[in-house]
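Comments concern the structure below.
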Amino acid sequence: MGPARIRIFDTTLRDGEQSPGCSMHLEEKLRMALQLERLGVDIIEAGFPVASDGDFEAVSAIAKALRQPIVAGLCRALPADIDRAWEALKEAAHPRIHTFLATSDIHLEHKLRLSREEAMTMAVAGVRHARALCPDVEFSAEDATRTEASYLCKVIEAVIEAGATTVNIPDTVGYTTPTEYFQLIRTLVEQVPNIERAVISVHCHNDLGLAVANSLAAIEAGARQVECTVNGIGERAGNAALEEVVMALRVRQDRLPYVSGIRTEEIAKSSQLLSNITGVHPQPNKAIVGKNAFAHESGIHQHGVLRNRATYEIMTPESVGVKVQHIVLGKHSGRAALAQRYQELGYDLAKPELEKAYKLFTKLCDVKKEVFEEDLVAILRDGLSDIPETWKLRLAQVTAGTQGYSHALVQLRHAEQEPSGTGHGDGPVAALVDAIAGLTSVRGEILDFQVRAVSEGSDAVGEVFMKVEIEGALLTGKAASTDIIEGSARAYLNAVNKALHARQLKASRQAVTA
Ligand code: KIV
Ligand code: ZN
């Protein structure tokens with residue numbers, strides 16, 4: 001018998017999305033879900049369908065788009081919630097209803113105002129209702145680690161009897177410790193008589209920085225599903241980080257003889273895609289996916305690594321898809337070389353995409369001596385947006401300094417016209433925004449603004465990321481450029497174009513229903 005298989009349940013798009021600043025739009029969720037499928041996760045929790053129409057649509061789109069993984073939708077143990085989840089999931093190749101109810105006294109008394117008996121009845125009814133719709137049902141006992149163990153055992157036994165195929169034991173508030181959690185899972189394995197009819201799942205929050213350690217302890221006690229998120233994003237301090245759990249299992253096979261189905265070479269790409277979508281980057285020293293995770297700074301370490309990488313590296317950067325940065329191409333490189341380089345980086349470009357990428361690449365070569373892999377990825381992400389470029393930047397000129405207002409002159413392209421206008425503000429970006437608002441008649445408020453160099457050198461490509469509130473909606477604007485003024489103007493226009501696209505979609509939806 002080989003090592004036991006651990007199912008990886010990814011909740012980046014549900015619990016992860018609940019973390020501040022990490023909300024995503026439908027297209028972004030879909031892009032992330034497709035990458036999670038490539039990563040090889042077993043289950044994708046796509047959202048909480050009853051929470052909003054946006055969540056419902058995202059779960060439904062992901063359910064239709066994915067063929068390999070199980071797609072789960074979260075719902076409270078209430079008939080209307082469960083029905084709404086099923087409505088969103090029913091076209092999935094492998095649907096799962098994930099229903100939950102708190103079981104700790106503190107939640108029952110103060111949040112739900114239910115007795116233990118009432119909660120038990122509600123959990124069982126919820127699971128029965130879900131099972132009548134879907135053969136794959138997960139039940140989560142929210143705040144399980146602060147639930148009295150004998151009551152938790154009774155609830156788990158009852159929901160399995162009612163048809164739950166997976167039982168999740170969340171450490172909702174990140175309170176438990178590895179030995180305590182090990183003992184709790186062991187208690188369930190030993191004391192719930194029908195436990196072998198369900199998969200035990202664990203779901204750990206990171207309030208004490210123990211989410212991954214707790215998840216691994218639970219596996220050793222008998223859990224066979226781990227709920228986690230890419231980059232460890234999630235409520236408050238986040239959830240167990242998928243990449244850490246998976247790599248711990250892979251690197252420490254000697255102590256943890258379990259396997260996951262994750263293609264670890266896709267980890268870096270998944271992490272970067274998420275950061276690119278949300279604008280939230282992991283801290284530099286974050287395990288596995290931080291910028292410094294494979295950097296050796298001290299002379300002694302560098303010396304050791306040069307002699308033998310194993311002196312200071314317990315896994316190779318390549319094993320998680322991190323490529324060692326090197327100069328890749330120059331201005332004399334042709335389309336075929338570019339296509340091959342992108343392919344090596346994991347991007348198979350269709351002809352029109354390659355054409356667009358090549359144009360951006362040659363433009364970049366005019367301003368940048370050395371083009372790094374990170375630059376190529378950044379221009380690709382920038383250039384291949386699905387949003388129509390209703391307004392396009394032709395020119396942006398800014399005068400700014402330490403005294404007085406900044407002034408901007410902007411020329412845009414729109415419907416074969418090239419209008420220009422001026423604007424001012426108390427900084428160069430504010431002046432650009434003022435000029436663009438005058439030309440497009442779309443005025444937004446910038447709530448977050450970040451610039452990040454993707455490679456090395458003063459001519460590095462900078463990724464500009466902003467969150468803009470336009471007509472009550474929060475939109476992200478992104479652009480990559482070697483020029484911060486151009487990048488800022490294009491990132492802002494990206495948000496404006498998204499607002500106009502959303503307006504158009506809404507109008508056409510209303511026309512269909514009218
Ligand atoms: O943290 C938690 O308890 C949850 C459940 C809904 C699974 O996210
Ligand atoms: Zn959670």
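Atom set for the values below is all heavy atoms of this structure, side chains included, hydrogens, waters and symmetry mates excluded. Indexing begins at 1, ligand by ligand and atom by atom, following the structure's order. Note that the structure is predicted; figures quoted are calculated from it, not measured.
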(message) For atom 7 (C) of ligand 1, what's the nearest protein heavy-atom neighbour? Residue, atom name and distance, please.
(response) Ser140 OG, 3.6 Å

(message) Strictly distance-based, threshold 3.5 Å: is any side-chain N or O of Asn206 a donor or acceptor partner for the main-chain N or O of Leu210?
(response) yes

(message) Can you report which non-hydrogen protein atom sits closest to atom 5 (C) of ligand 1, along with the distance?
(response) Arg14 NH2, 4.0 Å

(request) Determine, for Arg146 against Asp143, whether the closest basic-nitrogen to carboxylate-oxygen distance falls under 4.0 angstrom. (result) yes

(request) Look at atom 3 (O) of ligand 1 and say which protein heavy atom is nearest, naming residue and atom and giving the distance to 0.1 Å. (result) Thr172 OG1, 2.6 Å

(message) Do the side chains of Asp42 and Arg7 get close enough for a salt bridge, i.e. N-O under 4.0 angstrom?
(response) no

(message) Would Glu142 count as being in polar contact with ligand 1, using the rule that some N or O on each side must be under 3.5 angstrom apart?
(response) no

(request) For atom 4 (C) of ligand 1, find the nearest protein heavy atom and state the residue, atom name and distance (0.1 Å precision). (result) His203 NE2, 3.5 Å

(request) Could you tell me whether Glu87 and Lys90 have a side-chain N and a carboxylate O separated by less than 4.0 Å? (result) yes

(message) Can a side-chain donor-acceptor contact be found between Gln68 and Glu37 if the only test is distance below 3.5 angstrom?
(response) no

(request) Sort by chain and number the protein N/O/S atoms found under 2.8 Å from the Zn ion (ligand 2). (result) Asp15 OD2, His203 NE2, His205 NE2

(message) Using a strict threshold of under 4.0 Å (side-chain N to carboxylate O), is an ion pair present between Glu244 and Arg250?
(response) no

(message) I'd like to know if Glu463 pairs up with Lys478 as an ion pair, taking the criterion as any Lys NZ or Arg NE/NH1/NH2 lying under 4.0 Å from an Asp or Glu carboxylate oxygen.
(response) no

(request) Just let me know how Asp15 lines up against ligand 1, side chain, backbone, both or neither, with a heavy-atom cut-off below 4.0 Å. (result) side chain

(message) Tell me whether His205 has any N or O atom under 3.5 angstrom from an N or O of ligand 1.
(response) yes

(request) Determine, step by step, whether Glu45 and Leu74 satisfy the side chain to side chain contact (heavy atoms under 4.5 Å, CB included) criterion, reporting the C-alpha distance in whole Å, the side-chain angles of both residues, the deciding distance to 0.1 Å, and the verdict. (result) CA-CA 7 Å; Glu45 185 159 60; Leu74 185 69; 3.6 Å; yes

(message) What I want to find out is whether Arg197 reaches Glu161 closely enough, with some N-O distance under 4.0 Å, to be called a salt bridge.
(response) yes

